[in-house]
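Per chain, numbering begins at 1; letters A, B, ... match sequence-line order.
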Amino acid sequence: MRLNPQQQAAAECTGQHVLVLAGAGTGKTATIIGRAAHLLRSGIQPRRILLLTFTRRAAREMVARLERDVGAGSRGVVAGTFHHFCLLTMRRQPKAFGLVDATVIDRDDQLQLVRLARAEQRAKGEQFPQASAILNAISYARNTNAPLPRYLAKHSDWDEDTTRRVLLVAQQYRDRKRQRGYLDFDDLLHRFASVLHKEPAVRARVAGSFDHVLVDEMQDTNPLQWLIVDALRASATLFCVGDDAQSVYAFRGADFRNVHAFAERVPGAAVLKLEENYRSTQPILDLANWLLDGSSLEYGKRLRAHRGPGALPRLMDFDDEWAEADWIAVDLIERHERGTPWRDHMIITRTAWAARALESALVERDVPYRFVGGTQLFQAAHVKDLLSLVRAGLSHRDELAWVRYLTLWPGIGDVRAARTLDTLLPQPDLPQALDTLRAAWKGDARVHEGPRQVWLGRSQPAQVLTDAIRFLEPLLERRYDNWKDRKRDLALLAKLAQRHRSLPAFLEAYALDPISSSEASRLEQDDMVTLITAHSAKGTEAPVCYLLRAEPGLYPHARSLGDLDQEEEERRVLYVGMTRAMDTLILTRSCRLGGHRVFWGGAAGQHAPGGSAYLLEDLPDELIDSQPAPPDPWDDDEIIVPFG
DNA sequence: AAGCTCTGCTTTTTT
DNA sequence: AGCAGAGCTT
């Protein structure tokens, strides 16, 4: 791989900590990979290089590219998400981190726990914050390393009494986690950071195992992650890459001061810039530059296209989302027929939900596609059902799994499940708990058999999964009307389990990475259109990009209206979306801008002073090729035939 | 008393 | 797709 002089200089700048400010498409990944390759060539041992990314996608891509560039010499480089790295390290020395016998839980499990606590605080029929809202607040405070009461006082509009009870919910959530040995995603970072902070010996051991730490997407790191990077700096050299204009995870506590204040926090650090864009043609970048110019913040960024001129981005208006979706599907088919492979097309959506019309159009027109981001296909209910049985068969203390498994049975609801669990929990181990269950349960005798099968066969993950599917089949078939389709997902899961030595390892890997959708699709076919959320799209590119529903209510998202920081983040989300396109950028919208629409979310167009209710409001004509809406193919007005 | 089924509501972004 | 609530069934 060839680097330009700036990239080269960055990759080879050794002897001090480095921050690289890299605009969209300027070869950020190439540079970080180039850096790793340079270190390996200069004799650094692979296992002394740590490569931290923010998303699993980025981690996978980095590893693949590094292997392609360096070959087997890259084996042993430690690469993964922050969460992954923390868990891995803590699993190696469980005692030092107090991690013996802990189960990692995903967001669904978290929500379930919060729901239980919430039910106790909420009066019947009363308006009370949703479990997800409470969990978001808990998580945000945690990731920004701020006490929850202070965070709520500042950022929520809940009244005093509600706030008091939300704090009780949070307290209970914590207690329940502790009692059951559950660790949520935030705990992974928090536990790791706090032990590194409090135990100099542990810190020295962890930090001392690396010479170089490479951090991707630095603008997305949150204060907790900063503490981790900061601890590693004690004996390793940092190489951080980021772009403040692409910071889109503030909702998760990301703090781009980690980029802005880098030089002050890390004395003697070199700050380098990459500004030449290699991805897109100039008109696409002109549009992106215009978008940033409209901000009240100063991003100090002007993307220059190394590739030079090209076609103007297009803007298409439609009557409704169905017409829009169908037009895109047809356009994709035409491009495909003209010889462009499906994989060269990417459709970028603000939310998973906003793409529902598009998904049905793609299905209807037989366009092969995969969805990246949003709620994963594999977090589906039937997968959770299966995994709940597996988890129940490994520990009688896993309350969430047991309740889910038990309520699959006809005649068992929340109440009976909870009561049954009260008898299981005090038992010393699982076999005895199962005996108790068999003795106490008057109904279907098979209830205890499923977990028992798992327990007995637990040394062979793939076989356990296969047996568990067979065991659950009658129950699930009754429950879901499209069982045949769902069964295929489960079979895939059993196949993936083959790769893991133990069931807990499989479950933990799954919790952190609920089946790489990439893997799932690779098992099927390669050439397909990518439908992707703007957040997930960061770091990707495609020759042809559609920006779906680039309309008021979505850019900025209605929920962000009224908060200047959030509105500003929406600008960056749109910026990320636009700068994915290499040759062709097509923006589509599906509402008539003339007729004022009231958007859900309450705020109804009330944007913050200095912000904007619609980011493409004053789009200059010369930057875009505006096209009138094509006739509505679904127009079902009666055709009046004149008689003579 | 507990579970089941129907209906209406509500959907940001991710580890 | 999943939740909450109402009303019905076991």
Side-chain angles (χ1 to χ4, degrees), chain A residues 52-59 80-87 104-108 110-112 115 118-119 122 124-128 130-133 135-136 139-140 142-143 183-190 217 220-222 224-225 247-254 348-356 372-377 379-384 406-407 409-420 443 478-482 486 511-514 532-538 549 553-561 566 569-570 572-574 576-577 599-602:
Chain A
L52 289 175
T53 66
F54 202 63
T55 63
R56 308 181 289 251
R57 273 172 68 81
T81 62
F82 274 91
H83 293 83
H84 195 138
F85 166 66
C86 292
L87 180 61
V104 177
I105 57 171
D106 65 11
R107 187 176 161 92
D108 271 12
Q110 289 183 280
L111 275 177
Q112 211 59 43
R115 249 174 233 132
R118 174 182 181 263
R122 173 176 174 259
K124 208 175 170 198
E126 178 205 19
Q127 282 277 343
F128 197 73
Q130 294 285 313
S132 60
L135 184 59
N136 286 347
S139 182
Y140 186 93
R142 210 89 204 293
N143 278 289
L183 282 178
D184 64 27
F185 288 138
D186 305 329
D187 293 327
L188 297 180
L189 299 182
H190 192 273
E217 308 281 14
D220 289 332
T221 53
N222 61 40
L224 225 42
Q225 289 164 324
S247 163
V248 291
Y249 286 102
F251 69 91
R252 214 169 91 180
I348 297 157
T349 180
R350 174 63 184 81
T351 69
W353 189 64
R356 69 197 195 286
V372 180
T375 311
Q376 289 291 313
L377 174 75
Q379 286 178 17
H382 53 294
V383 173
K384 298 237 133 210
L406 288 174
T407 49
W409 290 87
I412 304 184
D414 298 343
V415 180
R416 245 168 231 165
R419 212 171 281 161
T420 308
R478 216 182 71 107
R479 205 177 184 83
Y480 301 110
D481 38 12
N482 56 346
R486 289 174 185 259
L512 250 59
D513 189 355
I532 192 167
T533 61
H535 284 80
S536 301
K538 195 140 56 80
R549 302 191 62 180
L554 285 168
Y555 294 99
H557 193 279
R559 292 228 156 196
S560 68
L561 290 176
Q566 283 188 46
E569 176 148 311
E570 297 290 307
R572 298 190 293 264
V573 172
L574 183 56
V576 167
F599 299 102
W600 40 266

Requested in this report: Compute the centroid of each ring, for A/Phe251 and then for A/His535, and state whether the two points are separated by less than 6.0 Å.
Outcome: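 Here the rings of A/His535 and A/Phe251 have centres that are less than 6.0 Å from each other.
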Query raised in the report: A/Glu217 side chain to A/Phe54 main-chain N or O, any donor-acceptor pair under 3.5 Å?
Result: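 Checking the backbone N and O of A/Phe54 against the side chain of A/Glu217, no donor-acceptor pair under 3.5 Å is found.
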Report task. Answer with base, sugar-phosphate or nothing: what part of the nucleic acid does A/Arg118 contact at a heavy-atom distance below 4.0 Å? Result -> sugar-phosphate
Query raised in the report: Has A/Ser536 got a side-chain N or O lying under 4.0 Å from the OP1 or OP2 atom of B/dT14?
Result: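 Indeed, a polar side-chain atom of A/Ser536 lies that close.
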**Report entry** Spacing between A/Asn222 atom CG and B/dT15 atom C1', to the nearest angstrom
**Finding:** 10 Å
Query raised in the report: In terms of side-chain heavy atoms of A/Thr81, which of B/dT15, B/dT14, B/dT11 is nearest?
Result: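 So the side chain of A/Thr81 is nearest to B/dT15.
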Report task. Under the side chain to side chain donor-acceptor pair (under 3.5 Å) rule, collect the residues that match up with A/Gln110, sequence neighbours excluded. Result -> A/Tyr173, A/Asp184
Report task. Go through the structure and list residues passing side chain to side chain donor-acceptor pair (under 3.5 Å) with A/Arg252, not counting sequence neighbours. Result ->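 None.
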Requested in this report: Searching all strands shown, indicate the nucleotide that pairs with B/dT11 (Watson-Crick or G-U wobble; both distances under 3.5 Å).
Outcome: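 Because no pair has both required distances under 3.5 Å, B/dT11 counts as unpaired.
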**Report entry** Test item: A/Thr420 side-chain N/O and A/Arg416 main-chain N/O as donor-acceptor pair under 3.5 Å
**Finding:** yes
Query raised in the report: Starting at CZ of A/Arg549 and ending at C1' of B/dT11, how long is that distance when rounded to a whole Å?
Result: 12 Å
**Report entry** Distance below 4.0 Å between A/Arg107 side-chain N/O and B/dT14 OP1 or OP2
**Finding:**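 For B/dT14, neither OP1 nor OP2 has a side-chain N or O of A/Arg107 closer than 4.0 Å.
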Report task. Whole angstrom is fine here: how far is it from CD in A/Gln130 over to P in B/dT10? Result ->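 Taking CD of A/Gln130 and P of B/dT10, I get 9 Å after rounding.
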Query - Nearest-0.5 Å distance that lies between atom CG in A/Leu189 and atom SG in A/Cys86 - result: 5.0 Å
Query raised in the report: What is the nucleic acid contact for A/Phe82, judged by heavy atoms within less than 4.0 Å: base, sugar-phosphate only, or nothing?
Result: nothing
**Report entry** Side chain A/Gln566, main chain A/Leu561, donor-acceptor under 3.5 Å
**Finding:**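 Checked: no pair found.
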**Report entry** Atom pair distance, as rounded to whole Å: CG in A/Leu111 and P in B/dT15
**Finding:**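 In whole Å, B/dT15 P and A/Leu111 CG are 16 Å from each other.
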Query raised in the report: B/dT12 base stacked by A/His557? Criteria: ring centres under 5.5 Å, plane angle under 30°.
Result: yes
Query raised in the report: Contact class for A/Ser560 vs. all strands (heavy atom < 4.0 Å): base, sugar-phosphate, or nothing?
Result: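 Counting heavy atoms under 4.0 Å across all strands, no contact is made by A/Ser560.
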Query - Side-chain N or O of A/Thr533 closer than 4.0 Å to phosphate OP1/OP2 of B/dT12 - result: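 For B/dT12, neither OP1 nor OP2 has a side-chain N or O of A/Thr533 closer than 4.0 Å.
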Query raised in the report: How long is the line joining CG of A/Leu188 and C1' of B/dT14, in whole Å?
Result: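 Distance check: A/Leu188 CG to B/dT14 C1' gives 14 Å.
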Query raised in the report: For A/Arg559 and B/dT11, is the shortest distance between a side-chain N/O and OP1 or OP2 below 4.0 Å?
Result: yes
Query raised in the report: Below 4.0 angstrom, N of the basic side chain to O of the carboxylate: do A/Lys384 and A/Asp106 qualify?
Result: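 Salt bridge flag = yes for A/Asp106 with A/Lys384.
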Requested in this report: Rounded to the nearest angstrom, tell me the gap between atom CG in A/Leu554 and atom P in B/dT12.
Outcome: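 About 11 Å, once rounded to whole Å.
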Query raised in the report: Planes under 30° and centres closer than 5.5 Å, is that true for A/Phe251 with the base of B/dT13?
Result: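 The base of B/dT13 is stacked with A/Phe251 (centres under 5.5 Å, planes under 30°).
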Requested in this report: Could you check how far CZ of A/Arg115 sits from P of C/dG2, rounded to whole Å?
Outcome: 10 Å
Table of protein N/O atoms under 3.5 Å from nucleotides 2-4 of chain B N/O atoms:
residue: B/dA2; atom: OP1; partner: A/Arg419; partner atom: NH1; Å: 3.4
residue: B/dA2; atom: OP1; partner: A/Arg419; partner atom: NH2; Å: 2.3
residue: B/dG3; atom: OP1; partner: A/Gly413; partner atom: N; Å: 2.9
residue: B/dG3; atom: OP1; partner: A/Arg416; partner atom: N; Å: 3.3
residue: B/dG3; atom: OP2; partner: A/Val415; partner atom: N; Å: 3.3
residue: B/dC4; atom: OP1; partner: A/Gly411; partner atom: N; Å: 2.6

Query raised in the report: Under the 3.5 Å rule, do the base of B/dT12 and the side chain of A/Arg350 count as making a donor-acceptor pair?
Result: yes
**Report entry** Atom-pair distance (NZ on A/Lys538; P on B/dT15), nearest Å
**Finding:**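 The distance from NZ of A/Lys538 to P of B/dT15 comes to 11 Å, rounded to the nearest Å.
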